[in-house]
Amino acid sequence: MSGSIPKDFITEIVDMTDIVSLVESYLPLKKKGKDHFGQCPFCDDGKNPSFSVSDQKQFYYCFKCRATGNVIGFLQSHQGYDFIESVEALAARAGVEVPYENTRSFTSEKDPLYAALKMAMEIFEKNLSKSKDSEHVRNYILNNRKISSEVCRKFSLGYATNSWDALSKEMLNKGIKEEVLIKAGLAKKNKDDKLFDFFRDRLMFPIKDRKGRVVGFGGRVMNPDDQPKYLNTGETSVFQKNRELYGFYEALEFRKDLKEIFVVEGYMDSIAMYENGMTNSVATLGIATNRFHIQKLLQVVNEIIFCFDGDDAGRGAAWGALKNVLPAVTDGKTIKFLFLPEGEDPASLLEKNSVEELKAKFKNATLLSEYFIDRLTMASEVTSLEQKASLASKAMELLSGMQESSIKKLLEGEVSKLTGLEIKDIKTHSKKISYPKRETKNPTSDLGEDKISFDSTLLGSKILSLVLTYPYLANQINDHEKFSDFHEPEVQLMIAVVSFFKENPDAGISDLLSTLDKESASFIGALISVHDAIDEQNAIDYLNDCISKLKKSDSVTRIIELKEIFETGKLSEDETFELQQHLLTNLHRLEEPEKNLLRELSQKGYLN
């Protein structure tokens, strides 16, 4: 986007919007005590409403699924908007104009492109429905592919005539400038500086963004001798094909009932599924599934089912999709893979079989964990120890990008079982270690039955809870960066929250939540909603005690601190003993300087 939204305006529009009023415009709430409660729109919480909305703190939290956020987060999760769209919706609700930075550039460059692309879509639609030259295209759609006129109109299918300049001439006559036609990807100029149409004699598939605006086109040849078979609009200021999904806008029309989304490879696959009542499919635009696709889909649903051809190319594409999806996988997210018979796709299967048979195939698709383990099992049949070590290292490297979760730990366990190596040994040898690193404990939560990646009983969580209750305490923590080597997610989140309130002393919880990822925001919501606050008069003493204990719990930080004191000659007897214990505990991983220090302590008689 050429025009960004000033940070001050985002803060202002969040402050202007009352979260209770916003949520009540989408679902009924009933006041109970100081908060409002209703049925959670993100999970099935049965007869007992578990979705709470805090008027005081301006955030929502579900006690069952732990969904949490502020007014922007609610629109992102409930309506499927991205961040900018959420701010725009809040501004429209408040009756104020969004003050885009570089507004002139934003409006002058993009608006004419959207208008031109919409006009082109309408011309293509008219060609398909009324032109005598498109009889063969209509026959292909209605008779060969069995797509109804109603679904054709739903997806705005059209036809680019077999002419070098028919589209350009018509649009120029309607006032569209040459420059706009070129920037929109609708036309090009040849070496003689003559304008010609980019799409000719092709069945046209308009590609729409989340708002329903046409951003580009895909075109399928009608003459089998022409190449390429499918042609997409090139990269433009409104169209980047690695970020768009065909059929996503149409699928969002049924958002209320959307539980899962099928990802297929072809435009016609998505349309054929829609024709048969499977309105929740999208297609990639001739490229591999990437992280932008995954993020977009997981904002809307918790389950994605990928559909691939069963040949080697299809399985290769599936493995690529798996690698891209791993960083987004957390507990509560389900990813599956369906491999169709070689040479088949959803559209061809629907031409031969019933929709119930295809639905059954999707229902029995392979879970991500099963697919990962199957691939690993096949690879683990190698016999040499070197190959097993290499396999383990590569598998752990893939898993290292995952967020901490139960599924990650289970997959790591499978790697260990199949290769015969301990998890800690694989992790140790798959990366360089310069100092003894703190091992992350298996997180268990007392916040509910489901396992999450945070542990509310650890020191980092206790410090975090204090700062959330009394944000001014962030200024009492002067050395929080020293904990940056900690692996525990609670400590890393504590560092982020402390930094936020130091930089934004007047901010509130609602402001904080808009800066965090979904899992972190959920954990913070749980800490605030579930745990009783420490009395303010005892807060500073409790904070200092937790920080002191946290420092002593970390071998790396504590060894460095005690070494510095030792070098000044002011190390106390208790501190000397503590330093020795840290060094001995990590003896097998110490580097030469630390080993020499331990020898020195021993030679001077410190070691009993």
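These values consider heavy atoms only, across backbone and side chains, with no hydrogens, waters or symmetry-generated copies.
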With a 3.5 Å distance limit and no angle check, can you tell me whether [X] reaches the backbone of [Y] through a side-chain donor-acceptor pair?
{"X": "D269", "Y": "A347", "value": "yes"}
{"X": "N280", "Y": "L258", "value": "no"}
{"X": "S348", "Y": "D345", "value": "yes"}
{"X": "D197", "Y": "L167", "value": "yes"}
{"X": "D331", "Y": "S405", "value": "no"}
{"X": "E265", "Y": "T284", "value": "no"}
{"X": "S270", "Y": "S281", "value": "yes"}
{"X": "D209", "Y": "K211", "value": "yes"}

[X] side chain to [Y] side chain, donor-acceptor N/O pair below 3.5 angstrom:
{"X": "T279", "Y": "E250", "answer": "no"}
{"X": "N127", "Y": "T161", "answer": "no"}
{"X": "K169", "Y": "S163", "answer": "no"}
{"X": "N70", "Y": "Y60", "answer": "no"}

Walk me through whether K409 and E412 qualify under salt bridge (charged side-chain N to carboxylate O under 4.0 Å, His left out). CA-CA 5 Å; K409 294 186 181 301; E412 287 176 341; 5.2 Å; no
For a quick test of reading the model, state the closest non-hydrogen atom pair linking [X] to [Y] and the distance between them.
{"X": "R145", "Y": "E351", "value": "NE-OE2, 3.1 Å"}
{"X": "F339", "Y": "D309", "value": "CD2-O, 4.0 Å"}
{"X": "K336", "Y": "A365", "value": "CB-CB, 3.8 Å"}
{"X": "S156", "Y": "E125", "value": "CA-OE2, 3.4 Å"}
{"X": "G219", "Y": "M204", "value": "CA-SD, 4.0 Å"}
{"X": "F199", "Y": "A160", "value": "O-CB, 3.6 Å"}

The test is side chain to side chain contact (heavy atoms under 4.5 Å, CB included); show your working for F51 and Q39 and say whether it passes. CA-CA 6 Å; F51 186 73; Q39 297 292 139; over 6 Å; no
Would a 4.5 Å heavy-atom cut-off, applied to side chains only, mark [X] and [Y] as touching?
{"X": "Y274", "Y": "F155", "answer": "yes"}
{"X": "V301", "Y": "K259", "answer": "no"}
{"X": "F372", "Y": "L322", "answer": "yes"}
{"X": "T233", "Y": "L117", "answer": "no"}
{"X": "F523", "Y": "R66", "answer": "no"}
{"X": "L195", "Y": "L172", "answer": "yes"}
{"X": "L181", "Y": "F198", "answer": "no"}
{"X": "K174", "Y": "E170", "answer": "yes"}

Kindly compute the distance separating [atom1] ([X]) from [atom2] ([Y]), expressed to the nearest 0.5 Å.
{"X": "F124", "Y": "L186", "atom1": "CZ", "atom2": "CG", "answer": "6.5 Å"}
{"X": "K208", "Y": "F217", "atom1": "NZ", "atom2": "CZ", "answer": "10.0 Å"}
{"X": "F239", "Y": "L285", "atom1": "CZ", "atom2": "CG", "answer": "5.0 Å"}
{"X": "S134", "Y": "L128", "atom1": "OG", "atom2": "CG", "answer": "5.5 Å"}
{"X": "I304", "Y": "L297", "atom1": "CD1", "atom2": "CG", "answer": "4.5 Å"}
{"X": "K154", "Y": "Y249", "atom1": "NZ", "atom2": "OH", "answer": "7.5 Å"}

Just jot down the salt bridge (charged side-chain N to carboxylate O under 4.0 Å, His left out) partners of K229, sequence neighbours excluded, or say none. none
For V263 and H293: C-alpha separation, side-chain torsions, deciding distance, then whether side chain to side chain contact (heavy atoms under 4.5 Å, CB included) applies. CA-CA 10 Å; V263 180; H293 297 146; over 6 Å; no
N-O pairing of E414 and K417 below 4.0 Å: yes
With a 4.0 Å cut-off, would you call K352 and E344 a salt bridge? yes
Over 60° means perpendicular and under 30° means parallel, so tell me whether F262 and F362 are parallel, tilted or perpendicular. tilted
Could you tell me how the ring of W319 sits relative to the ring of Y371: parallel (under 30°), tilted (30 to 60°) or perpendicular (over 60°)? perpendicular
Worked verdict on I72 versus I10 for side chain to side chain contact (heavy atoms under 4.5 Å, CB included): CA-CA 10 Å; I72 292 177; I10 295 173; 4.0 Å; yes
Take I182 and K189 through the test side chain to side chain contact (heavy atoms under 4.5 Å, CB included) and record every step on the way to the result. CA-CA 8 Å; I182 294 171; K189 283 192 173 182; 4.1 Å; yes
Could you note down all residue pairs passing side chain to side chain donor-acceptor pair (under 3.5 Å) where residues 361-370 supplies at least one of them, sequence neighbours left out? none
